[in-house]
Amino acid sequence: MSSVASKAHPLFSSLPHFLTWRTLGFRTICSGRLGFATSDTDPPVAGTKVLDSFKEKFEIGSRLITLETGKIARFANGAVVLGMDETKVLSTVTSSKGDAVRDFLPLTVDYQEKQFAQGVIPNTFMRREGAPKERELLCGRIIDRPIRPLFPAGFYHEVQVMASVLSSDGKQDPDVMAANATSAALMLSDIPWGGPIGVIRIGRICGQFVVNPTMDELSLSDLNLVYACTKDKTLMIDVQAREISEKDLEAGLRLAHPEAVKYLEPQIRLAAKAGKHKKEYKLSMISDRTLENVSNLAEASIEAVFTDPSYGKFERGEALDKITQEVKKTLEEECDEESLQVLPKAVDTVRKKVVRKRIITEGFRVDGRRLDQVRPIYCEAGNLPILHGSSLFSRGDTQVLCTVTLGAPGDAQRLESLVGPPTKRFMLHYSFPPFSINEVGKRMGLNRREVGHGTLAEKALLAVLPPEDDFPYTVRLNSEVMASDGSTSMATVCGGSMALLDAGIPLREHVAGVSVGLVTEIDPSTGEIKDYRIVTDILGLEDHLGDMDFKIAGTRKGVTAIQLDIKPAGIPLDIICESLEHALKGRLQILDHMDREISAPRTQDNRNSPRLATLKYSNDTLRRLIGPLGALKRKIEEETGARISVSDGTLTILAKNQSVMENVQEKIDFIIGREIEVGGIYKGIVTSVKEYGAFVEFNGGQQGLLHISELSHDLVSRVSDVVSIGQQLSLMCIGTDVRGNIKLSLKATSPQLESDKRNVVEGSVPVQKEATHVWASIEDVSNEQKQESPLSKNNTSGVNHSTSSIPTVLIRSVAECDEEEKSSGLSRSSKSGLKPTAAPKCDVRKKKAPSQDDEVLSLLNIPNSFSSSKPKIPKSFLEKGRKKASNSTFKFKDGDEDRCSTSQTDTHDKLSDEETKVESLMTTKNLKLGTKVNAKVYQIRAHGLVLDLGGGIRGMYRFEGNGMDNFEVGNELLVECSSFTSKGIPVMSLVDEE
């Protein structure tokens, strides 16, 4: 800079150094400014700001609670952070400075739970919180209801309360904490307010009351009581209970009051430390002169309207409007501008005075009823029969239409709150359309009043619903207010209870609700209540002109829900407890009417009742049902209209009616199959047609053989005459063959008529059934078995062969049959050194079918397990085919074992009458009935011979007597094929060589 200065001012270069600007502590000349220069060696350092914070600590119900202010939100009119354990809630209060002309208090309470409070990012598309949720609106009402009555009369400045949860450990519900923090913030602000208040939560576990219960304790509690009060009066009550008696509820209220009062002193101490002086706000009050002038003009006319019980709601309103217009004309003639500005408020004050005076002095109400009298009631259940459940409830002019819709467990509402359960399976949605009060309005989104009324009715009915294990449906109850003249929320409780029973839901008890009001007379000098009257089943006008709206719902056994809202600055607890008895009397009258209409759940046997089925499958099987990205599941839902939900190993189906349920189950059975049983009926599609039968795909992709002999009771020459590829059939499972293939029958699904039975032709015998899976000696077979299977020892003698030449084959899989058709013949090498085995038992774990040698040996051996009268039938079998159900098992139905054990032979082939020549090289192709073969004795068993027929084929011959000594291994015999067993093994008989 010196060089710059020397160029601008040449004389400066000759000055001594101690006279320069920098050495004198001035800034250099720059842009025409002159000032002190900072030191180049000391960089600027930010100072430390000290936040003056004030804190109060106290303990309630074994919980340490802190109130803190001054650290955050310092610009707010009042800001307090309340902490309990690791849960912290911030509440702020602000007020507008303008003096807008209003006749009401514009108080707004916003409660918000952001997901950062529990360390979670919102799962919405924008990854941020959106519109207020139902829980946030309800918590805002918990804050609003106790603080609103304490603002001074005439204070109409806009006030906003904002409560936010800063952190949550999930143990404490932040709603009560936010209400107490708001009270402390109002105490610190300069807004005129008649607090402080205390809000407490009380639970009851095993008959013992718990103060400030945790969320885990609340899940075990049969009482959830939220109580707000000042030092000596009650402000707000909110109760959810499981049929608690009025006596126990009164005990809980009297315990809650002193516990809530403990919140007051710490707030007063904190306000003394950091509170602001209360500001002088302009109050909009009606002058005594104006009130007296309007009263003289309108009181007589108003009293005449209210003493005439013939007036209805709207007639009464029109008469009062006419009186207001007449008073307005009189004031305009008198040019009384001051009275004209507050005329609506002044007329309303006069109406309130007239109605309250008549109730206190005469004990009569606006519509002429006594104080404890309930309005006329009309009940109708099932008025909309096509719905799952419906009801219409009317009490006086108040009318509510309730409908019930049942859904699958997956339809439950998902909740994203910081505390509480993640889902809700019972939902009650309350709607208050404008036409219910003959007004014009716009239908908006969530309404605080509608959410509050619906939640109150939901709490009342939740206590009597069956547990989820007994009734897994998701239930949605809609309440549509058709006409409103007081206490529509309690009418919703009554109508909802009837609609739930109409839907077939087994409620424990009927639930009814009634609203109780209060009219008091205040001593002007002391402000204390001098006289009061409790009013049952209040009208809308009585709610507006009275002091209390006490909604109580419950059963005959006890209370399930309560909501108390008041207008004055508190009501003594004794009056509240007295109101419980009045509510019980009115509730019992309503329950009598409801019981006469419907008292038990309706039986769901009509076509419109929903059906719900829960099935168990393996997770791998469920993956096949869902398909890629759920495409297969969505396709079934779109085609049938049903809803399918899948959880771990469980498949839940919800259908509109029984026909839809059957359709869905049929589609699911075809995709993933179900447990296969002998005698069970299954639907399948023909995939291929062979000359000996057809292969059918059924039960989730499994393959079964429909043999030609099982197509019809009549003789079938060609399979294609009966079935074709792609045809859908209903088939019965009749067992399995030697290779584990499933045997199906079409004729078993249609019983044979007597007129269609074939007569036996002379010179021939009917086709006889084969013996059971084993050859048993006569002495080993019981009489019962002889009656069930009366077979001759030699069933081949005297058989006259017909001219039919349908080839006889063994039952094989589709792949094996296709391979056989391609080749000219199939021969297998014989196996030596085989050991005899016991009777075969098919097992799903085996992947290889037993060889023919093993089957022949097993049929000639009698194990000890077959000594009973009924042979044991294997209950599982080897599943083969290209598609199989992973978890299917095979079971027999009762009475099917004998039918399967004595199943008919696999063929009805008949040979020609010509002499059949002896085959030299035997194959499965040319082995037929009547074929003569030179066979060798392969093995000698106790009851017969195992013969080597050549080409690796084994046959069997049964001894007719004690002929075992006449044979030796290696002997050559001339035998003839007389029949086949049910497993395809040839049965041979000796041929006389002569």
Side-chain angles (χ1 to χ4, degrees), residues 84-87 89 111-115 117-124 129-130 132-142 165 167-178 201-205 210 212-226 238-243 405-430 446 451-452 454-477 496 500 505 507-508 560-561 612 614 645-648 650 652 654:
M84 184 183 300
D85 295 336
E86 297 300 326
T87 301
V89 180
Y111 173 89
Q112 191 172 29
E113 292 179 349
K114 291 192 174 182
Q115 294 298 310
Q118 58 179 354
V120 174
I121 296 176
N123 58 3
T124 59
E129 288 76 15
K133 298 183 284 290
E134 284 190 12
R135 171 177 164 78
E136 293 175 333
L137 296 179
L138 294 173
C139 292
R141 286 172 57 86
I142 290 291
V165 182
S167 66
S168 174
D169 57 5
K171 297 179 181 179
Q172 296 291 333
D173 197 328
D175 56 353
V176 171
M177 300 172 60
R201 172 174 270 110
I202 301 293
R204 191 179 72 162
I205 303 176
V210 181
N212 280 339
T214 63
M215 296 305 299
D216 293 337
E217 291 172 338
L218 274 180
S219 63
L220 304 174
S221 174
D222 61 353
L223 174 66
N224 185 1
L225 166 64
V226 178
D238 196 276
V239 173
Q240 179 181 358
R242 299 175 188 169
E243 297 181 280
T405 307
L406 303 179
D411 295 330
Q413 181 182 1
R414 292 183 177 88
L415 306 177
E416 296 183 354
S417 58
L418 298 180
V419 295
T423 58
K424 183 170 70 172
R425 72 182 185 99
F426 175 61
M427 300 162 284
L428 194 151
H429 297 155
Y430 170 95
L446 285 178
V451 171
T455 302
L456 173 62
E458 182 181 298
K459 291 178 181 178
L461 295 171
L462 191 62
V464 296
L465 286 178
E468 187 173 1
D469 295 338
D470 298 337
F471 193 81
Y473 291 86
T474 295
V475 183
R476 184 194 184 208
L477 175 60
L500 291 173
I505 301 177
L507 301 183
R508 290 202 301 268
T560 58
L612 187 142
T614 302
S645 60
V646 178
S647 59
D648 188 14
T650 302
T652 304
L654 179 72

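These figures come from a predicted structure and were not determined experimentally.
Between the side chain of Thr614 and the backbone N or O of Thr652 there is no donor-acceptor pair closer than 3.5 Å. Judged by distance alone, the side chain of Glu129 and the main-chain N or O of Lys114 form no donor-acceptor pair under 3.5 Å. The main-chain N or O of Ser168 is never found under 3.5 Å from a side-chain atom of Thr87 such that the two would form a donor-acceptor pair. Under a 3.5 Å cut-off, the side chain of Glu136 and the backbone N or O of Lys133 do form a donor-acceptor pair. A distance-only check finds a donor-acceptor pair linking the side chain of Tyr473 to the backbone of Leu612 [under 3.5 Å]. A distance-only check finds no donor-acceptor pair linking the side chain of Thr455 to the backbone of Gly452 [under 3.5 Å].
In terms of heavy-atom proximity, Ala412 sits nearest to Thr423 at CB-CB, 4.3 Å. A pairwise comparison of heavy atoms in Phe471 and Pro466 identifies CB-CG, 3.5 Å as the closest pair. Across all non-hydrogen atoms, the minimal contact from Val165 to Pro174 is CG2-CB, 3.8 Å. The two atoms that bring Pro409 and Ser645 nearest to each other are CD-OG, 4.4 Å, heavy atoms only.
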Leu507/Leu465 under side-chain contact (heavy atoms from CB on, under 4.5 Å): CA gap, chis, key distance, verdict: CA-CA 5 Å; Leu507 301 183; Leu465 286 178; 3.6 Å; yes
Quick one: do Glu134 and Lys424 satisfy side-chain contact (heavy atoms from CB on, under 4.5 Å)? Show the steps, please. CA-CA 12 Å; Glu134 284 190 12; Lys424 183 170 70 172; 4.0 Å; yes
Dump the intermediate steps for side-chain contact (heavy atoms from CB on, under 4.5 Å) on Leu406 and Val475, then the final yes or no. CA-CA 5 Å; Leu406 303 179; Val475 183; 3.9 Å; yes
Quick one: do Asp238 and Arg141 satisfy side-chain contact (heavy atoms from CB on, under 4.5 Å)? Show the steps, please. CA-CA 11 Å; Asp238 196 276; Arg141 286 172 57 86; over 6 Å; no
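Atoms CE and OG1, on Met84 and Thr214 in that order, are 11.0 Å from each other to the nearest 0.5 Å. The distance from atom CG of Asn224 to atom CZ of Arg201, rounded to the nearest 0.5 Å, is 4.5 Å. Interatomic distance, Lys171 NZ to Met215 CE, rounded to the nearest 0.5 Å: 13.5 Å. With rounding to the nearest 0.5 angstrom, the CD1 atom of Ile505 is 4.5 Å from the CG atom of Leu500. Of the inter-residue distances, the one linking Asp222 atom CG with Glu243 atom CD reads 10.5 Å to the nearest 0.5 angstrom.
Open room surrounds CD on Glu86; 12 or fewer heavy atoms of other groups in view lie less than 6.0 Å from it.
Ion pair Arg135/Asp175 not flagged as a salt bridge, since none of the NZ, NE, NH1 or NH2 atoms sits closer than 4.0 Å to an Asp/Glu carboxylate oxygen.
Under the salt bridge (Lys or Arg N to Asp or Glu O under 4.0 Å) criterion, the residue pairs touching residues 405-422 are Asp411-Arg643, with sequence neighbours excluded.
Proximity of Met427 to Thr474: side-chain heavy atoms (C-beta onward) are separated by under 4.5 Å at one or more points. Inter-residue side-chain proximity for Tyr111 and Leu138 is flagged as unmet; no heavy-atom pair is nearer than 4.5 Å.
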